Amino acid sequence: MKRIFKISDVIIKPVFWFVCFCLFVFSSSGDSCCNPLSMGYIKKMIEQEIPGVYVLSVMIGKNIVEDTENGFFSDVNEQVSMVCNQLAQDPKLKGGYNAMGFSQGAQFLRAVAQRCPSPPMKNLISVGGQHQGVYGLPRCPGESSKICDMIREALNKEAYLGWFQKHLVQAQYWHDPLNDDLYKKYSRFLADINQERAVNETYKKNLQQLEKFVMVKFLQDSVVDPVDTEWFGFLKTGQAKETETLQESVLYKEDRLGLAAMDKAGKLVFLATEGDHLQFKEEWFKANLLPYLH
Ligand SMILES: *[C@@H]1O[C@H](CO)[C@@H](O)[C@H](O)[C@H]1NC(C)=O
C-alpha cells in the first residue's frame, strides 16, 4: 500500500459502524474508502476479532470515485448531518454504538457526538485525528502532485473565504495561528465544534455523555502538522513554532467543551504509538483499541 494522506473512517459497535467517510487517500492505485488493503482490511479484522459485531459502513457520495473526491471537495457540516441521519435510521444502532474515526474522520465523528446525541455514542476512538485542525500539509500527497500544491497555496491565502469553507474539506479544519481572528470568525466547521465563537451548552453536554474519548497519536507522524493536534493540542496563538497541550489551552482552562471535566472523570485516554500516520501494527491495534469496541 502506498501513502496515504489517509482516510477518515469510522467504526462502531454494538454493533459497530464503519464509516467510509472515506476521504482522501492518495496512492497510485487510487485507494478509496473501501479498498480492502486499507480500511476494508481493518473492518474485516474487527469482524473476525469480535464475533457478531455489526459494522456499519457509511459512504459519502454515491460511489467510490465520488467518495474519494468528497474527501477534498465537500461541505463537512453537511456530511456530518448526513451521517447523523443514517445513524438515526439504523435500528441496529438504537441502543448506542462505539465509534472509531481515522485521520480527519475522527474530528468529523466528534462533531457527530456533539451534534447528534441519539442514538448515543459510547466510546469515541480518534486514530490520528486533528482535533485542533492543521497548519500545513506536509507530504501532501506527493511531492510532485499538482493538486496538493494548489490546495496548500489556496489554504495559505484563502482558507477562510466562503467558497473554500463550503467546499474544500481541508479548509474546514485549517487552523492558522497567525490569523486567529480569521479562524475564529470564518471557520465554519472546526471553530464551531471547538466552541471558538460561543459556548454551545448542547455540544458540551453531548460530548460529556461519552464513556471514553480515546485519542491516538503517531509518534513519527509526517503527515499531520502539528502532531500535537492528535491529542487536542496545537500551536500557541500568534506564532507557528511553540505548541501547547490540551491542558494548557484556553479551551481546557475555561472548559468550554467539557474536556476538563471529562479529564477529571477519567474519560480522556491519550495513547501514543510508533509509526507514521495511520501506520500501526495489527497487534498494537488489537491490544490497545479493540477493548474499547466491545
Ligand atoms: C447548539 O448545537 C445544537 C446541536 O447541533 C444546535 O441545534 C443549536 O442550534 C446550537 N445552538 C447555538 C446557539 O448555536
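For clarity, every value in this text was computed on a predicted model and none was experimentally measured. Every number for a ligand or one of its atoms is a count from 1 in the order of the listing.
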Closer than 4.0 angstrom, basic N to acidic O: yes or no for Lys286 and Glu282? yes
How close does the nearest protein non-hydrogen atom get to atom 4 (C) of ligand 1, and which residue and atom is it? Tyr203 CE2, 3.9 Å
To check your reading of the model: name the closest protein heavy atom to atom 3 (C) of ligand 1, its residue, and the distance in Å. Asn200 ND2, 3.6 Å
If you measure from the Lys or Arg side-chain nitrogens to the Asp or Glu carboxylate oxygens, is any gap between Lys236 and Glu244 under 4.0 Å? no
According to the interplanar angle, ranging from 0 to 90°, do the rings of Phe102 and Phe285 count as parallel (below 30°), tilted (30 to 60°) or perpendicular (above 60°)? parallel
With under 30° as parallel and over 60° as perpendicular, where do the rings of Phe189 and Phe108 fit, or are they tilted in between? perpendicular
Are there protein heavy-atom neighbours of atom 9 (O) of ligand 1 below 4.0 Å? no
